[in-house]
Undergrad: 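Attaching a single structure in structure tokens format; questions to follow.
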Number of protein chains: 2
Amino acid sequence: MRIGDVAAQAGVSVRSLRYYEEQSLLPAQRTPSGQRRYDGSAVQRVRLIQQLYAAGLSSRVIAEVLPCFDTGTSTPELRRRLAAERDRIDRQLAELVAARGQLEAVIATAEHPPEGCTRVD
Amino acid sequence: MRIGDVAAQAGVSVRSLRYYEEQSLLPAQRTPSGQRRYDGSAVQRVRLIQQLYAAGLSSRVIAEVLPCFDTGTSTPELRRRLAAERDRIDRQLAELVAARGQLEAVIATAEHPPEGCTRVD
DNA sequence: CTTGCCTCTGACGTCGATGTGAGGTTCTAG
DNA sequence: CTAGAACCTCACATCGACGTCAGAGGCAAG
């Protein structure tokens with residue numbers, strides 16, 4: 001596949017794919033003229049990368065853990081890293097839930113204003 | 001309280017507090033000489049701001065919804081905004097849970113490598 | 001009064017993922 | 001063959017929440 005096809009199917013920009021290659025997240029074959037060629041797995045890989053970005057991992061960290069996704073091979077350092085990221089995500093989840101609660105409370109107040117509050121329509 | 005006290009108690013930098021004032025998130029009294037003075041509620045307010053930042057809201061959005069926290073006063077537009085942010089948080093929660101699942105799966109593989117995978121110790 | 005710490009404003013630096021534009025090459029449909 | 005779409009590299013721009021530095025003023029203790 002060409003870079004534009006992968007971009008379209010994965011829903012990201014061409015620029016991003018080039019950046020992922022630069023960060024060693026997404027290897028690409030090259031035609032003799034220098035154009036990138038990808039196989040079908042690239043789309044899945046891009047989706048995974050996006051998911052990890054969404055989870056707050058940086059390119060650098062993703063580059064570290066991706067080989068583990070690929071080969072299942074792991075080192076103690078890598079396992080520590082994975083666990084650390086999972087724990088960070090757990091903390092982030094807790095924060096999100098708390099913030100969601102705050103918003104929800106304000107929404108409830110806004111919908112059913114008690115004394116001293118105003119609901120402008 | 002002086003700005004350094006608030007910063008220490010809320011666990012943020014002095015720079016951040018000045019920035020919050022600039023963004024109209026955290027009003028401050030001024031002494032005749034121009035120094036900022038805060039009352040005790042400032043610390044709570046900073047914690048709330050941090051929580052909303054952690055939830056992915058921008059300064060601009062926080063500035064929009066904070067009055068609602070303060071006075072309970074709401075407009076249709078504001079209620080729409082609040083609900084939109086709550087929904088965004090819900091989507092973000094789903095993404096986080098999914099990513100967590102991915103990581104957890106990889107961790108499981110790393111801890112108990114099946115055929116074809118290597119666990120380096 | 002001075003020493004040292006805190007504060008002020010203003011402005012430039014940072015970082016990471018991506019946008020954008022220039023200037024040029026390659027591929028493909030007609 | 002040719003036009004236009006897609007691709008290439010290089011490199012600078014962006015955005016948001018700060019960090020950081022300079023230069024100057026404020027304030028309590030000795």
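Because only heavy atoms are used, hydrogens play no part in the values below, and waters and symmetry mates are left out as well, while side chains stay in. All chains are named by letter (A, B, ...) in the order of the sequence lines, taking the proteins before the strands, and each is independently numbered beginning at 1. The model shown is predicted, which means the values in this text are computed figures rather than measured ones.
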Undergrad: Does Asp121(A) pair with Arg79(B) as a salt bridge, N-O distance under 4.0 Å?
TA: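 Here Asp121(A) pairs with Arg79(B) in a salt bridge, since their nearest N and O are under 4.0 Å apart.
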Undergrad: So Arg30(B), base contact, sugar-phosphate only, or nothing? Heavy-atom distance under 4.0 Å.
TA: sugar-phosphate
Undergrad: Provide, to the nearest angstrom, the distance between the CG atom belonging to Leu17(A) and the P atom belonging to dC7(D).
TA: 10 Å
Undergrad: Grab the CD1-C1' distance between Ile62(A) and dG16(C) for me, whole Å please.
TA: 11 Å
Undergrad: Tell me what Ser59(B) touches on the nucleic acid: a base, only sugar-phosphate, or nothing, going by heavy atoms under 4.0 Å.
TA: sugar-phosphate
Undergrad: Does the side chain of Arg36(B) get closer than 4.0 angstrom to OP1 or OP2 of dC8(C) through an N or O atom?
TA: yes
Undergrad: Identify which nucleotide among dA17(D), dG26(D), dC8(C) has an atom closest to any side-chain atom of Ser33(B), counting heavy atoms from C-beta outward.
TA: dG26(D)
Undergrad: Between Tyr19(B) (OH) and dG19(D) (P), how many Å, whole number?
TA: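 Spelled out: OH on Tyr19(B) to P on dG19(D) is 11 Å.
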Undergrad: Starting the side chain at C-beta, find the nucleotide from dA17(C), dT7(C), dT9(C) nearest to Ile3(B).
TA: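 Given the options dA17(C), dT7(C), dT9(C), the side chain of Ile3(B) is closest to dT7(C).
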Undergrad: Using side chain to side chain donor-acceptor pair (under 3.5 Å), reason through Tyr20(A) and Gln50(A) one step at a time and then give a plain yes or no.
TA: CA-CA 10 Å; Tyr20(A) 298 164; Gln50(A) 291 280 101; 2.6 Å; yes
Undergrad: Whole angstrom is fine here: how far is it from CZ in Arg60(B) over to P in dG16(D)?
TA: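 Answer to the nearest Å: 10 Å.
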Undergrad: Does Pro113(B) offer a backbone N or O that forms a donor-acceptor pair with the side chain of Thr109(B) under 3.5 Å?
TA: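 No, because the side chain of Thr109(B) does not come within donor-acceptor range (under 3.5 Å) of the backbone of Pro113(B).
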Undergrad: Can you tell which of dC18(D), dC27(C), dC6(C) lies closest to the side chain of Gln35(B)?
TA: dC6(C)
Undergrad: Any idea which of dT9(D), dT20(D), dT9(C) is nearest the Arg15(B) side chain?
TA: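 When the side chain of Arg15(B) is considered, dT20(D) is the closest of dT9(D), dT20(D), dT9(C).
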Undergrad: Rounded to the Å, how far apart are Gln23(B) CD and dA17(D) P?
TA: 7 Å
Undergrad: Inspect the contact between Arg88(A) and Asp90(A) and indicate whether a charged nitrogen and a carboxylate oxygen are less than 4.0 angstrom apart.
TA: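 The answer is no: the pair does not qualify as a salt bridge.
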Undergrad: Can Glu77(B) and Arg81(B) be counted as an ion pair, charged N to O under 4.0 angstrom?
TA: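 No, this pair does not count.
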Undergrad: Judged by each residue's nearest nucleotide on DNA chain D, which is more toward the 5′ side, Arg37(B) or Ser58(B)?
TA: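 It is Ser58(B) whose nearest nucleotide is closer to the 5' end.
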Undergrad: Of Tyr38(B) and Tyr20(A), whose closest DNA chain C nucleotide lies nearer the 5' terminus?
TA: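 Going by which nucleotide is closer to the 5' end, it is Tyr38(B).
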Undergrad: Do the side chains of Glu85(A) and Arg100(B) get close enough for a salt bridge, i.e. N-O under 4.0 angstrom?
TA: no
Undergrad: Show the numbers, then the answer: is there a side chain to side chain donor-acceptor pair (under 3.5 Å) between Glu95(B) and Gln51(A)?
TA: CA-CA 7 Å; Glu95(B) 279 181 346; Gln51(A) 197 165 33; over 6 Å; no
Undergrad: Determine the minimum heavy-atom distance between Ser58(A) and Tyr53(A), stating which atoms define it.
TA: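 Closest approach of Ser58(A) to Tyr53(A), heavy atoms only: C-CE2, 4.3 Å.
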Undergrad: Under 4.0 Å from any atom of DNA chain D, heavy atoms only: list the residues of residues 40-48 of chain B that qualify, in numerical order.
TA: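 Hits under 4.0 Å, by residue number: none.
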Undergrad: Roughly how many Å is it from CD in Glu21(A) to C1' in dT18(C), rounded to a whole number?
TA: 16 Å
Undergrad: Side chain of Arg18(A), base of dT9(D): donor and acceptor closer than 3.5 Å?
TA: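 Absent.
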Undergrad: Round to the nearest Å and state the distance from Gln50(A) atom CD to dA17(C) atom P.
TA: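 Those two atoms, CD and P, are 11 Å apart.
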Undergrad: Round to a whole Å and report the spacing from CE of Met1(A) to C1' of dA6(D).
TA: 15 Å
